[in-house]
Amino acid sequence: VHPEKVLNASFVRRLPWPKRIDVALLAFVAMVISLADRINIAVAAPILMKERGWDTVQMGWVLSGFFIGYSLLMVPVGIIADRYSPKWVLGFSVAWWSLLTALTPLPRSLIGMVIVRILVGLGQSGVIPCINSILVRWFPRHEYSRAAVFSWSGGSAGAILAFPLASAVLNFWGWPAVFFTFACLGALWLPFWIIGVTDNPATSSGICKAELVHILEGRPELPRVVRVPWKRILALPPIYALMTLHFSFNWITYFLLSWLPTYLLAERHF
């Protein structure tokens, strides 16, 4: 896509792709960071158990703490993002969980560590609802699937990158450095998100007129969310199929992400 005259006449876009690709790329990176900050505790777990004298049951509470917080606020945060601003809700979420990631090594007690992980999970509960909400605003309907799949695939990329990176940091600087290092990723991402993304593509200074027309013509009307139509949603059979599929997939995925490093070290002596 060649740069065209944008809505703000004083600005000419120099990147060789549409502005909405910036949004998808930043969403992708947000997913990378979110998965990295879920995995870091799994890499540190064997060392943490040895230092603190925790058994697998106690460590299980630490690992589960994240998912308690993650589950509690996902629906409420999605409603807030749709009603007000997915941009700022996601920005706050990333800042929140990055700060709590940096604080993770500080608690000495089991209860303290579980509370910190619950708070990290509360922060991360906003990532997928906010990404979905921002993509709906920035992409025409026929591009929803590609934009969403690309953005969500950051989670898989995060898992691929985070395990070796966290292992290397732990090996050189110790397990607390894993959390400090990973917390910096969110801090680096945040300015790009705040400066580069708007809730409404029509208010973005970096979008071409042709691209804005392309988005608006292919996008349904998006009235402000005042009331969630729960009755209509819960009456749809595909919703239950998707919930069953996603629950089953996530159960085994997060079990492996949480416990695989401990198993490989403790049982296979890697």
Side-chain angles (χ1 to χ4, degrees), residues 1-37 77-99 123-155 157-158 161 183-226:
V1 177
H2 296 288
E4 298 180 41
K5 190 176 181 181
V6 294
L7 299 181
N8 180 353
S10 65
F11 180 88
V12 176
R13 181 167 175 80
R14 301 187 185 280
L15 294 174
W17 56 74
K19 175 65 179 179
R20 64 189 184 280
I21 303 302
D22 292 357
V23 178
L25 285 169
L26 286 167
F28 174 90
V29 176
M31 286 296 297
V32 170
I33 296 168
S34 72
L35 261 291
D37 286 339
V77 169
I79 294 171
I80 293 168
D82 276 345
R83 188 170 297 176
Y84 298 107
S85 169
K87 169 188 173 175
W88 289 108
V89 173
L90 181 56
F92 178 81
S93 295
V94 175
W96 173 270
W97 92 60
S98 297
L99 174 62
Q124 287 214 13
S125 64
V127 62
I128 291 180
C130 290
I131 286 174
N132 291 346
S133 186
I134 203 81
L135 293 180
V136 164
R137 298 160 191 246
W138 270 89
F139 285 84
R141 179 171 295 213
H142 64 277
E143 294 178 358
Y144 280 177
S145 296
R146 281 176 291 172
V149 169
F150 172 75
S151 300
W152 298 342
S153 69
L161 296 172
C184 293
L185 299 177
L188 291 172
W189 172 91
L190 198 55
F192 291 95
W193 180 256
I194 292 172
I195 295 170
V197 175
T198 59
D199 288 318
N200 185 350
T203 63
S204 173
S205 62
I207 190 169
C208 301
K209 290 182 179 179
E211 184 183 5
L212 181 60
V213 170
H214 173 74
I215 293 170
L216 296 180
E217 285 184 347
R219 191 189 75 180
E221 287 295 318
L222 298 174
R224 185 180 177 189
V225 177
V226 177

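- Nearest approach of Thr198 to Ser204, heavy atoms of both residues: OG1-CB, 3.6 Å.
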Could you tabulate the donor-acceptor pairs under 3.5 Å formed by side-chain atoms of residues 92-99, not counting sequence neighbours?
residue: Ser93; atom: OG; partner: Val89; partner atom: O; Å: 2.9
residue: Trp96; atom: NE1; partner: Leu119; partner atom: O; Å: 2.8
residue: Trp97; atom: NE1; partner: Asp37; partner atom: OD2; Å: 2.8
residue: Ser98; atom: OG; partner: Val94; partner atom: O; Å: 2.7

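- Pro220 is linked by a side-chain contact (heavy atoms from CB on, under 4.5 Å) to Arg141, Tyr144, counting only residues two or more places apart in sequence or in another chain.
- Applying the side-chain contact (heavy atoms from CB on, under 4.5 Å) rule to Leu161 yields the partners Val32; only residues at least two apart in sequence or on another chain are considered.
- Considering only residues two or more places apart in sequence or on other chains, Phe150 meets the ring-ring contact (aromatic ring centres under 6.0 Å, His included) condition with Phe28.
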For Leu90 and Ile131: C-alpha separation, side-chain torsions, deciding distance, then whether side chain to side chain contact (heavy atoms under 4.5 Å, CB included) applies.
CA-CA 8 Å; Leu90 181 56; Ile131 286 174; 4.1 Å; yes
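- The side chain to side chain donor-acceptor pair (under 3.5 Å) search around Ser85 returns Asp199, not counting sequence neighbours.
- Residue pairs satisfying the ring pair (Phe, Tyr, Trp, His ring centres under 6.0 Å) criterion with at least one member in residues 193-223, sequence neighbours excluded, are listed as follows: His142-His214, Trp189-Trp193.
- Scanning for side-chain contact (heavy atoms from CB on, under 4.5 Å) contacts around Ser133 gives Asp82, Pro86, Arg137, with sequence neighbours left out.
- For Ala148, the side-chain contact (heavy atoms from CB on, under 4.5 Å) partners two or more places apart in sequence, or in a different chain, are Leu135, Trp152.
- The side chain to side chain donor-acceptor pair (under 3.5 Å) check on Trp138 picks up nothing, with sequence neighbours excluded.
- Put simply, the side chain of Lys87 never gets that close to the backbone of Asn200: no donor and acceptor are under 3.5 Å apart.
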